[in-house]
Amino acid sequence: MTGGAGFLGSHLCEALLARGISVVCVDNLLTGTARNVAHLAARPDFQFRRRDLTEPVDVLGPVGYVFHLASAASPADYLRLPIQTLEVGSLGTRHALELAERKRARFVLASTSEVYGDPLEHPQPESYWGNVNPVGPRSVYDEAKRFGEALTSAYRHSRGLDTAIVRIFNTYGPRMRPDDGRAVPTFLRQALTGEPLTVTGDGSQTRSVCYVDDTVRGIVALALSGHPGPMNIGSPFETSMLDLARLVIELTGARSPIRFIDRPADDPAVRRPDTALAYRTLGWAPRVPVREGLLRTIEWFARELPVPRSA
Ligand code: NAD
C-alpha cells in the first residue's frame with residue numbers, strides 16, 4: 001500500500017491485517033507519520049518502507065493488491081505542496097501502476113470526490129464528469145486525481161491490468177491531524193482548546209462526512225469485488241458546515257463561539273455522493289451515525305491535544 005502511514009492508509013492497513021492480508025506500507029511521511037503505524041511495526045505480517053513514490057518502487061515477493069493512497073489530501077497540505085501533489089498523482093501513480101503490472105496485482109486507486117469539482121449535478125453519480133477549474137489553486141489536487149483516473153483507465157484498457165477506482169468523499173476519524181485544515185479536525189481542535197469555531201462563508205455550504213471505518217470497509221469491499229469502478233464511497237447524509245460546527249459544540253460541551261471567515265477560492269457549494277452503485281454492487285452503506293463517529297473522534301482528539309491552559 002502506498003500512503004499507508006497517513007490517516008486513511010493506517011486504518012486500511014489495520015483492516016487488511018485483520019483479514020489476514022499481509023501489508024507492505026510504502027510512505028515518504030510527507031503528510032503522514034510513522035506514529036500512525038507504530039503499533040503495527042512488530043507484527044511479522046507488516047512492513048514499513050520509507051520511500052518516495054515519485055521514484056520507481058519495488059517490493060520483494062508476490063503482491064495481490066496495490067492500494068495507491070499516497071497523496072497530500074487536505075487542502076492545507078496540497079496548497080502548501082502543489083508540485084509534490086501533482087508529482088505523486090502523476091509519477092507516483094505511474095510507479096504504483098508499474099508495480100501492480102510487474103506483480104500481476106489488482107490496482108486500487110484512491111481517487112476523490114474532488115474530481116467532481118464544484119458540481120453542477122447533485123448528488124453526484126459516478127457518471128457525472130465534474131466541474132473543475134484547471135488553473136485554480138485546488139487544481140493541483142483535483143487534476144492530479146483526474147489524471148490518476150485517466151492513467152489507471154489506460155493501464156486497464158491498453159495493458160489489461162486489473163484495476164479499480166474508488167472516489168472517496170470526506171472522511172473523518174481518529175489520526176486526522178488536528179491542524180490539517182479539514183472541517184472536522186479543525187472544529188474539534190477549536191472546540192477542545194476553547195477557541196472560536198471558524199466557519200467559512202455563511203456556513204450554508206454542505207459536505208457529507210463519513211466515519212473512517214465505513215470508508216475503509218467500502219474500499220476493501222471494492223478491492224475484493226473485482227469491480228473496476230469508478231465507485232463513490234462516502235456518506236449520503238449531507239450537513240451544512242454551520243450545523244456541523246453546532247453539533248461539535250454540543251458533543252464536546254465547548255463554550256466556543258462560532259466565527260465566520262472568508263470562503264477559500266473554488267470551494268464547492270455542495271457535495272454528496274450518490275452511493276447507489278456501491279450499495280447495489282457491494283451491499284455497502286455507511287453504518288456509523290455522525291454523532292457516534294464524532295464522539296469516537298473526540299475521544300481520540302481529547303487524548304492527543306495538549307490540555308488548554310485554564311483562564
Ligand atoms: P494523508 O495526508 O493522511 O495520507 C497520505 C499519505 O501519503 C501520507 O502518509 C503521506 O506521507 C503519503 N505521501 C504523500 N506523498 C507521497 C510520496 N510522494 N511518496 C510516498 N508517500 C507519499 O491523507 P488521507 O486523508 O489519509 O488520504 C489518503 C488518500 O485518500 C489520498 O490519496 C487522498 O487523496 C484520498 N482521499 C482522502 C479523503 C479523506 O477524506 N481523507 C477523501 C478523498 C480522497
Side-chain angles (χ1 to χ4, degrees), residues 1-14 24-38 48-57 66-96 99 108-116 124 138 140-149 152 165-186 207-216 218-219 229-235 268 271 273 286 293 297:
M1 179 191 316
T2 77
F7 157 57
L8 266 183
S10 62
H11 288 273
L12 184 56
C13 287
E14 285 172 352
V24 180
C25 165
V26 178
D27 199 302
N28 68 350
L29 305 182
L30 185 64
T31 56
T33 161
R35 276 179 62 208
N36 284 343
V37 288
F48 175 73
R49 297 266 178 278
R50 189 166 182 174
R51 296 275 186 285
D52 189 332
L53 249 282
T54 59
E55 302 291 329
V57 64
V66 173
F67 290 89
H68 179 43
L69 277 77
S71 169
S74 90
D77 286 338
Y78 61 70
L79 294 174
R80 177 173 62 88
L81 301 163
I83 309 295
Q84 291 92 330
T85 304
L86 283 160
E87 282 183 349
V88 74
S90 51
L91 282 174
T93 303
R94 175 163 189 189
H95 293 144
L99 174 67
V108 181
L109 175 71
S111 185
T112 167
S113 57
E114 299 286 336
V115 298
Y116 299 124
Q124 295 81 55
R138 300 171 77 103
V140 296
Y141 183 65
D142 303 2
E143 296 293 14
K145 289 289 179 177
R146 289 169 70 96
F147 176 83
E149 288 200 10
T152 300
I165 296 171
V166 52
R167 291 187 181 149
I168 304 165
F169 282 62
N170 287 19
T171 298
Y172 69 96
R175 303 200 195 118
M176 292 190 97
R177 294 195 333 265
D179 62 347
D180 94 352
R182 291 182 269 196
V184 171
T186 303
R207 294 293 183 274
S208 312
V209 293
C210 192
Y211 188 65
V212 62
D213 288 3
D214 282 329
T215 299
V216 162
I219 297 172
M231 190 179 290
N232 290 338
I233 292 291
S235 168
R271 197 53 87 54
T297 312

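It should be emphasised that the depicted structure is a prediction, and the values quoted were computed from it without experimental measurement. Read the numbers this way: they start at 1 and go in the same order the structure lists the ligands and their atoms.
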With no hydrogens and no angle check, just 3.5 Å: does a side-chain donor-acceptor pair link Thr171 and Thr215? yes
So if I only count non-hydrogen atoms and take anything under 4.0 Å from ligand 1, which residues does that give, chain by chain? Gly3, Ala5, Gly6, Phe7, Leu8, Asp27, Asn28, Leu29, Leu30, Thr31, Gly32, Arg51, Asp52, Leu53, Leu69, Ala70, Ser71, Ala73, Val88, Ala110, Ser111, Thr112, Tyr141, Lys145, Ile168, Phe169, Asn170, Thr171, Arg182
Checking side chain to side chain contact (heavy atoms under 4.5 Å, CB included) for the pair Asp27/Arg50: CA distance, chi angles, key distance, verdict? CA-CA 5 Å; Asp27 199 302; Arg50 189 166 182 174; over 6 Å; no
Scanning both residues in full, the closest heavy-atom pair of Lys145 with Ala110 reads NZ-O, 2.7 Å
Parallel, tilted or perpendicular for Tyr78 and Tyr141, by the 30°/60° rule? parallel
Backbone N/O of Leu109 and side chain of Thr152: donor-acceptor pair under 3.5 Å: no
Matching residue for Ser111 among Arg146, His68, Arg167, Glu149 - test: side-chain hydrogen bond (donor to acceptor under 3.5 Å, both in side chains): Glu149
